[in-house]
2 protein chains.
Amino acid sequence: MVSIRKTHSDVVDAAGRLFAERGYHGTSMRALGKELGLLGSSLYSHVDSKQDLLVEVVEEGARLFETSAEDARTTQGTARDRLAALVTGHVTVVLDHVDVARTFLNEARMLDAEHRDRVLDARDHYERVFRSVLADGVRDGSFRSDIDPKTASIYILSVLNALERMTRPGH
Amino acid sequence: MVSIRKTHSDVVDAAGRLFAERGYHGTSMRALGKELGLLGSSLYSHVDSKQDLLVEVVEEGARLFETSAEDARTTQGTARDRLAALVTGHVTVVLDHVDVARTFLNEARMLDAEHRDRVLDARDHYERVFRSVLADGVRDGSFRSDIDPKTASIYILSVLNALERMTRPGH
DNA sequence: AATAGGCAAACGAACGTTCGTTTGCCTAAC
DNA sequence: GTTAGGCAAACGAACGTTCGTTTGCCTATT
């Protein structure tokens, strides 16, 4: 028999894939099971609920971006170096974990209020790292003095978040 | 009697609102009915199917952006003027029709292949207007000669599309 | 001016299907 | 030999949609 027992991690990965592709509400447990060669009901050996799956995927996304930002923030060198680390880190996370990133961006609003608020906090914290590195750069002369860190961080993150859209079929 | 008869347009408007907020698959016909003070079944006096509602909202979005781009493209003046018209036109559409714009951006992928392809074509055409105005501007000296119209159009549209994200509760 | 007919809008119940989830059994892996 | 993973069947709830009926307004006829 070639049947391979699936793990908790297999289920979460497949969930990220389908949530990214069809959305949380567009993904049924039966469809998720089929993606893994299982029945929908069999998933409940690995997971307590569908909502828990979304929580896990979104929190993995939060953790990935958080780690990337923390690494960049503590990078040695100028503020310009740290901004470069932030940007390449973000791109790396998105390209290496497309499905998680897409689910994190688009499906977090389907979470219950408590978890959704945690995601908003995480995003806020992430943006503040960009803003503070930009402010450092303006102060130490890395960047032009007429740059407003808040505006610039929004613009940069806008372009970075647009990366995700380009991973959809038919860019 | 305070009972107000609802129109086809009322239903489409409410659908845009709920699709933007909860997503297409996260919106039930009963919830949509309740939004209007009706039963779910009563909506079928105005509409043939839920899918048709999504088609209508998304196509309205496509039409709004298309019209805005066409107005900007035929604006008198320099390429810089036309780019300004494109940007302000886009912002106006998003701010005046938040729900339609959000549904157009996020829920179009829930359409059947045929309608989805039409949306992709419309987006492609919209981006080409930006690209061509930018190319004109590089040629006539409105913009720096080292600007790549394709890259610049992607960046500009990234920032413009990010507008929508900021209309979500908790920016 | 009164009234009857037609019609679109809305209701309330029910259709068949799918949803997320639970249960009990079987079997492959430890 | 124990146990965890998967199956098959079933649960109640919710889904999109259809049905037959009622409601209230508009209009044409009286």
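Naming convention: chains lettered A, B, ... in sequence-line order (proteins, then strands); numbering from 1 in each chain.
Judged as a ring-ring contact (aromatic ring centres under 6.0 Å, His included), the pairs with a partner in residues 20-42 of chain A (not counting sequence neighbours) are, in order, A:F19-A:Y24. For the ring-ring contact (aromatic ring centres under 6.0 Å, His included) condition, the pairs that include at least one residue of residues 45-72 of chain B, sequence neighbours left out, are B:F65-B:H90, B:F65-B:F104, B:F65-B:Y126.
For B:R128, the salt bridge (charged side-chain N to carboxylate O under 4.0 Å, His left out) partners two or more places apart in sequence, or in a different chain, are B:D124. Residues forming a side chain to side chain contact (heavy atoms under 4.5 Å, CB included) with A:T88 (at least two apart in sequence, or on another chain): none. For A:R139, the salt bridge (charged side-chain N to carboxylate O under 4.0 Å, His left out) criterion is met by A:D136, not counting sequence neighbours. Scanning for salt bridge (charged side-chain N to carboxylate O under 4.0 Å, His left out) contacts around B:R22 gives an empty result, with sequence neighbours left out. The salt bridge (charged side-chain N to carboxylate O under 4.0 Å, His left out) search around B:E35 returns B:R17, not counting sequence neighbours.
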Exercise. Between protein and nucleotides 7-19 of chain C, map the contacts as a letter string: B base, S sugar-phosphate only, - none, heavy atoms under 4.0 Å, written 5' to 3'.
Key: -BBBBBBB----B
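When the P atom of C:dT22 is taken as reference, atom CG of A:L43 falls 13 Å away, rounded to whole Å.
At a threshold of 4.5 Å between non-hydrogen side-chain atoms, the residues B:I154 and B:E127 count as touching.
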Quiz item: When Watson-Crick pairs (N1 to N3 and N6-O4 or O6-N4) and G-U wobble pairs (N1-O2 and O6-N3) count only below 3.5 Å on both distances, what is the dot-bracket string of DNA chain C, with | for other-strand pairs?
Solution: ||||.|||||||||||||||||||||||||
